[in-house]
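This report concerns only the one structure given below.
Throughout, protein chains are lettered first and strands after them, A, B, ... in sequence-line order, and every chain is numbered starting at 1.
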There are 2 protein chains.
Amino acid sequence: MTDHDIQSQILSETANLGRTLGQAHRLNLLETIAQGERSVERLGELTGLSIANASQHLQHLRRAGFVQTRRDGKRVLYRLGDGPVLELLTALRQYVEHQRTEIGAFVDDSRHQLNRVEGISRHQLLKRLEQEAVTLLDVRSEEEYALGHLPGALNIPLEELESRLAELPLDHEIVAYCRGPYCVLSVDAVTALCAKGLNARRLERGFLDWRAAGLSVETL
Amino acid sequence: MTDHDIQSQILSETANLGRTLGQAHRLNLLETIAQGERSVERLGELTGLSIANASQHLQHLRRAGFVQTRRDGKRVLYRLGDGPVLELLTALRQYVEHQRTEIGAFVDDSRHQLNRVEGISRHQLLKRLEQEAVTLLDVRSEEEYALGHLPGALNIPLEELESRLAELPLDHEIVAYCRGPYCVLSVDAVTALCAKGLNARRLERGFLDWRAAGLSVETL
DNA sequence: AAAACATTCAATTGATTCTTTGAATGAAAA
DNA sequence: TTTTCATTCAAAGAATCAATTGAATGTTTT
């Protein structure tokens with residue numbers, strides 16, 4: 001077998017896996033199985049599928065190695081396969097998570113009140129930092145913060161913001177930032193902070209722009 | 001929006017991503033783009049697709065956020081998106097890698113000469129270990145070895161076996177093992193070792209079975 | 001051995017998806 | 001402006017895939 005053939009065989013095997021994950025019902029089944037061994041009937045119930053249909057999807061999952069079966073009396077129980085299935089699911093979930101915090105071209109801005117939030121450019125921020133007290137607030141996840149953040153920035157992931165308000169100053173300005181211009185985290189953060197009466201604005205183009213401009217980045 | 005609705009929306013968004021990865025041509029394009037920014041024409045050449053077809057697939061990838069574009073003169077250049085795309089691709093590749101070392105129900109055993117390799121059961125192994133000198137050889141990857149292995153086993157991943165033959169004893173028996181009964185690594189290892197004149201056998205049900213039996217496991 | 005039961009298989013229908021073709025954009029060069 | 005060129009769009013036929021139905025399989029219970 002030539003090198004090229006092997007490559008294209010791997011590619012189509014990979015595509016098969018992708019296709020297997022490319023069906024909401026199957027993903028649903030897989031996530032359900034990830035929570036524990038179940039019979040076909042139970043899986044059908046839990047996912048709202050007819051038994052025959054569930055069975056068919058389950059076999060698709062089995063062919064891909066995502067699940068394995070064993071017999072227990074007259075039932076067949078499905079469990080996760082022993083490859084790195086969870087790792088793959090986690091990578092997928094993390095990607096989706098990231099996608100959902102991006103402002104897509106078609107996402108309605110009204111849900112995240114982008115226009116009502118005051119922005120500040122990188123240049124304005126640099127001037128401010130020289131002149132007066134400004135608290136830099138990084139609202140991305142701890143992992144992203146650890147990989148690099150603006151020097152001196154405080155990290156409070158958006159989900160923790162409400163419970164950690166006490167860490168923020170009441171007397172001077174807060175500038176919140178997240179990944180980039182299309183990241184929605186800082187918009188929501190500033191909206192929340194302003195609602196609490198804090199003086200908060202949003203760094204317009206976020207961390208990606210800061211790093212791209214060659215400005216210094218702090219890591220953990 | 002109810003909780004259930006959000007869940008099923010996430011599920012179908014995830015399925016969309018899966019479907020996007022579920023096409024060999026698209027995966028090929030994506031892997032090519034991962035190696036550097038390229039125009040549509042070049043990508044078409046490199047992947048053997050018509051330009052219109054390549055363009056269509058590229059837009060599919062773009063809708064999923066896997067790639068982004070910029071214009072340079074009269075060309076449109078495609079690059080990777082700024083989400084955790086590589087992480088996802090890596091997880092996929094690792095899963096495929098794992099799959100390819102499993103003996104599928106339909107895989108032809110003749111490629112991996114399973115029947116020509118002498119197996120040894122867990123019980124036989126335990127007896128042997130009490131009586132005589134046996135070298136235990138773990139042919140899985142370093143990562144898997146680090147997560148747990150049979151006590152005292154030597155780790156030489158299959159790929160390194162040929163170059164590290166000197167580490168193995170000529171005078172007494174070697175028992176090689178890998179993940180489980182369907183893992184092909186130890187089969188290939190024993191075939192290679194026997195061909196070199198070493199006295200090697202294969203632990204029939206591998207590490208998974210050992211751990212499942214509650215026997216002691218060593219970690220790094 | 002027969003009945004009851006959970007699961008799987010097979011065949012059909014309807015819906016998506018892929019490729020190709022040729023036309024339409026839209027930016028740069030003449 | 002007009003021409004050129006890379007890319008995208010749109011439509012149509014071919015191929016693949018999902019859900020449903022009813023029958024078949026293989027266990028357990030009677």
[X] [atom1] - [N] [atom2] separation (whole Å):
X       : N      : atom1 : atom2 : value
B:Lys74 : C:dA30 : NZ    : C1'   : 10 Å
A:Asp72 : D:dG26 : CG    : C1'   : 15 Å
B:Gln59 : D:dA6  : CD    : C1'   : 13 Å
B:Ile51 : D:dA6  : CD1   : P     : 8 Å
B:Arg70 : D:dT7  : CZ    : P     : 13 Å

DNA chain C contacts made by residues 36-45 of chain B, counting heavy atoms under 4.0 Å: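 Of all residues in residues 36-45 of chain B, none places a heavy atom under 4.0 Å from DNA chain C.
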If the cut-off is 4.0 Å, is A:Ser55 near the phosphate of C:dT7, judged by side-chain N/O to OP1 or OP2?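 Indeed not, no polar side-chain atom of A:Ser55 lies that close.
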Phosphate contact (C:dA6 OP1 or OP2) by A:Tyr78 side-chain N/O below 4.0 Å: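 No, no such contact exists.
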Can you find a pair of side-chain heavy atoms, one from A:Arg202 and one from A:Val187, that are under 4.5 Å apart?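 Touching, per the 4.5 Å side-chain cut-off.
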State, yes or no, whether a side-chain contact exists between B:Leu215 and B:Leu126 at a heavy-atom distance under 4.5 Å.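 A side-chain contact exists here, since the closest heavy-atom pair is under 4.5 Å.
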Expected rows: protein N/O vs nucleotides 12-19 of chain D N/O, under 3.5 Å:
{"unit_1": "D:dC17", "atom_1": "OP1", "unit_2": "A:Arg19", "atom_2": "NH1", "d": "3.2"}
{"unit_1": "D:dA18", "atom_1": "OP1", "unit_2": "A:Arg26", "atom_2": "NH1", "d": "3.4"}
{"unit_1": "D:dA18", "atom_1": "OP1", "unit_2": "A:Arg26", "atom_2": "NH2", "d": "2.9"}
{"unit_1": "D:dA19", "atom_1": "OP1", "unit_2": "A:His25", "atom_2": "NE2", "d": "3.4"}
{"unit_1": "D:dA19", "atom_1": "OP2", "unit_2": "A:Asn53", "atom_2": "OD1", "d": "3.2"}
{"unit_1": "D:dA19", "atom_1": "OP2", "unit_2": "A:Asn53", "atom_2": "ND2", "d": "3.3"}
{"unit_1": "D:dA19", "atom_1": "OP2", "unit_2": "A:His57", "atom_2": "NE2", "d": "2.5"}
{"unit_1": "D:dA19", "atom_1": "O5'", "unit_2": "A:Asn53", "atom_2": "ND2", "d": "3.4"}

By nearest nucleotide on DNA chain D, pick out whichever of A:Ala52 and B:Arg71 is the more 5' one.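 So the residue in question is B:Arg71.
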Salt bridge (charged side-chain N to carboxylate O under 4.0 Å, His left out) for B:Glu173 and B:Arg128? Distances and angles first, verdict last. CA-CA 10 Å; B:Glu173 190 173 49; B:Arg128 290 282 180 114; 2.4 Å; yes
Residues, nucleotides or ligands: over 12 heavy atoms within 6.0 Å of B:Glu97 CD: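 Open.
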Can you tell me which residue among [options] is in a side-chain contact (heavy atoms from CB on, under 4.5 Å) with [X]?
X        : options                                : answer
B:Gln68  : B:Leu80, B:Leu61, B:Asp82              : B:Asp82
A:Ser186 : A:Leu137, A:Val139, A:Leu203, A:Asp138 : A:Val139
B:Ile33  : B:Leu77, B:Val85, B:Leu43              : B:Leu43

Is the shortest side-chain N to carboxylate O distance from B:Arg42 to B:Glu45 below 4.0 Å?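 Yes, charged N to carboxylate O under 4.0 Å.
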Worked check of salt bridge (charged side-chain N to carboxylate O under 4.0 Å, His left out) between A:Glu31 and A:Arg93: CA-CA 11 Å; A:Glu31 302 256 8; A:Arg93 277 195 287 244; 2.4 Å; yes
Under a 3.5 Å cutoff, is there a donor and acceptor pairing between the side chains of A:Gln94 and A:Thr90?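 Absent: no donor and acceptor within the cut-off.
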Distance-only donor-acceptor check, side chains A:Arg62 and A:Thr69, under 3.5 Å: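 Yes - a donor-acceptor pair under 3.5 Å links their side chains.
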Fill in the dot-bracket string of DNA chain D, one character per base: . for unpaired, | for a pair to another strand, ( ) or [ ] for pairs within the strand, taking Watson-Crick or G-U pairs under 3.5 Å. ||||||||||||||||||||||||||||||
